[in-house]
Protein chains: 2
Amino acid sequence: MCQNNKCNCSSGSIGRFLQPCLLLLLHRSPNHGYGLIQSLGEFGFSDTNIDPGSIYRQLRKMEEEGLVKSQWSIEQNGPAKRLYHLTNEGEELIHAWAAAMEINKQRIETFLSIYKKTFRKE
Amino acid sequence: MCQNNKCNCSSGSIGRFLQPCLLLLLHRSPNHGYGLIQSLGEFGFSDTNIDPGSIYRQLRKMEEEGLVKSQWSIEQNGPAKRLYHLTNEGEELIHAWAAAMEINKQRIETFLSIYKKTFRKE
DNA sequence: TCCTATATATGTAAAGTGCACATAAGTAAT
DNA sequence: ATTACTTATGTGCACTTTACATATATAGGA
């Protein structure tokens, strides 16, 4: 959220970037929720703007949809981990996300272009 | 929505661009809902991906928040129009939105950079 | 024993989204 | 005049999203 309470620009939280980022991370290597939370730092998100509950729920939802599959891992130390890996369907969706990202990038650039034209101070 | 029913990338509808685009249009000149819908084409949105209900609701919500103010206009031909104009608070919010857009643009570029690194076919 | 880190998950209220539907006034043609 | 279209503004509703708090459990170190 912005400082301004009337702005729903959501520049703080990970929001809609969550699914595509998780898919991309899981394409690189299977991982579990807690590990993914830390890896999200690569995309510019700190653990302060990531709600663990959202990550675990998102992973479960993606499993329901057949984008990922999971299995319990009790091999290593610490509590049991639910290890996720990407399915073929999940990998295909990454490309759809990339295309959507390009479209959104273009829209943002259009907005910023009009904004700068409007408020430029020569 | 994507062709893919599992993708919530929302590259079709105007979604979160609605508020900032309306504010920017109203900064240029006072306008009413129906006129704003048509002007949104400037930002790359066609009337096919704009739900009129969402526009009118968004305008009312922004008025509640003090970002815009409205008055009925019965001067011209056709049905009465609710003419909106921007408040100072609304204008300030445009700048907050622009800043948020820059952040989101950066995030998209980060995602696309990692995506291309992952899937590059030399 | 108590605290911290690791790890996963649920509960819930509030807000947002998309789609369909309702209403109404003017305009233009038959 | 009545039919149909354009202009113009809204409501209803089911569904999803979001944020924030809370619950649970294992292991390691002080």
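Just so it is clear, the structure is predicted and the values come from calculations on it, not from any experiment.
Residues Ile50(B) and Leu36(B) are not in side-chain contact: their nearest non-hydrogen atoms beyond the backbone lie 4.5 Å or more apart.
Whole-Å rounding puts the Leu59(A) CG to dT10(C) P distance at 12 Å. One atom, CZ of Phe45(A), and another, P of dA19(D), lie 11 Å apart when rounded to the nearest Å. At whole-Å resolution of the value, CD1 in Ile14(A) and C1' in dT17(D) are 15 Å apart. Whole-Å rounding puts the Phe17(A) CZ to dT17(D) C1' distance at 16 Å.
The side chain of Arg60(A) contributes no N or O atom lying less than 4.0 Å from OP1 or OP2 of dT8(C). Between dT17(D) and Lys61(A), a contact under 4.0 Å exists linking OP1 or OP2 to a side-chain N or O.
Legend: residues meeting side chain to side chain donor-acceptor pair (under 3.5 Å) with Ser46(A), ordered by chain and number and at least two apart, are Thr48(A). A search for ring pair (Phe, Tyr, Trp, His ring centres under 6.0 Å) contacts involving His27(A) returns Phe119(B), not counting sequence neighbours. Legend: residues meeting side chain to side chain donor-acceptor pair (under 3.5 Å) with Glu42(A), ordered by chain and number and at least two apart, are Arg28(A). In terms of the side chain to side chain contact (heavy atoms under 4.5 Å, CB included) criterion, residue partners of Ser113(B) (sequence neighbours excluded) are, by chain and number, Lys117(B). Listed by chain and number, the residues in a side chain to side chain donor-acceptor pair (under 3.5 Å) with Gln38(A) amount to none (sequence neighbours excluded). By the side chain to side chain contact (heavy atoms under 4.5 Å, CB included) test, Phe17(A) is found to be paired with Ile14(A), Cys21(A), Phe45(A), Met101(A), Asn104(B), Arg107(B), Ile108(B), residues two or more places apart in sequence or in another chain being considered. For the side chain to side chain contact (heavy atoms under 4.5 Å, CB included) test, residues two or more places apart in sequence or in another chain that qualify with Arg60(B) are Arg82(B), Tyr84(B). Under the side chain to side chain donor-acceptor pair (under 3.5 Å) criterion, Glu91(B) pairs with no residue, sequence neighbours left out. Partners of Pro52(B) by side chain to side chain contact (heavy atoms under 4.5 Å, CB included), not counting sequence neighbours, listed by chain and number: Ile37(B), Tyr56(B).
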Can you check nucleotides 22-28 of chain C for protein contacts, nitrogen or oxygen pairs under 3.5 Å, and list what you find?
none

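Distance from the side chain of Arg16(B) is smallest to dT18(D) among dT18(D), dG10(D), dA9(C).
Remark: His32(A), Gly33(A), Tyr34(A) in residues 32-43 of chain A come within less than 4.0 Å of DNA chain C through at least one heavy atom. Heavy-atom distances under 4.0 Å link DNA chain D to Gly53(B), Tyr56(B), Arg57(B) of residues 50-58 of chain B, given in residue order.
Remark: Glu64(A) does not engage Arg57(A) in a salt bridge, criterion side-chain N to carboxylate O under 4.0 Å.
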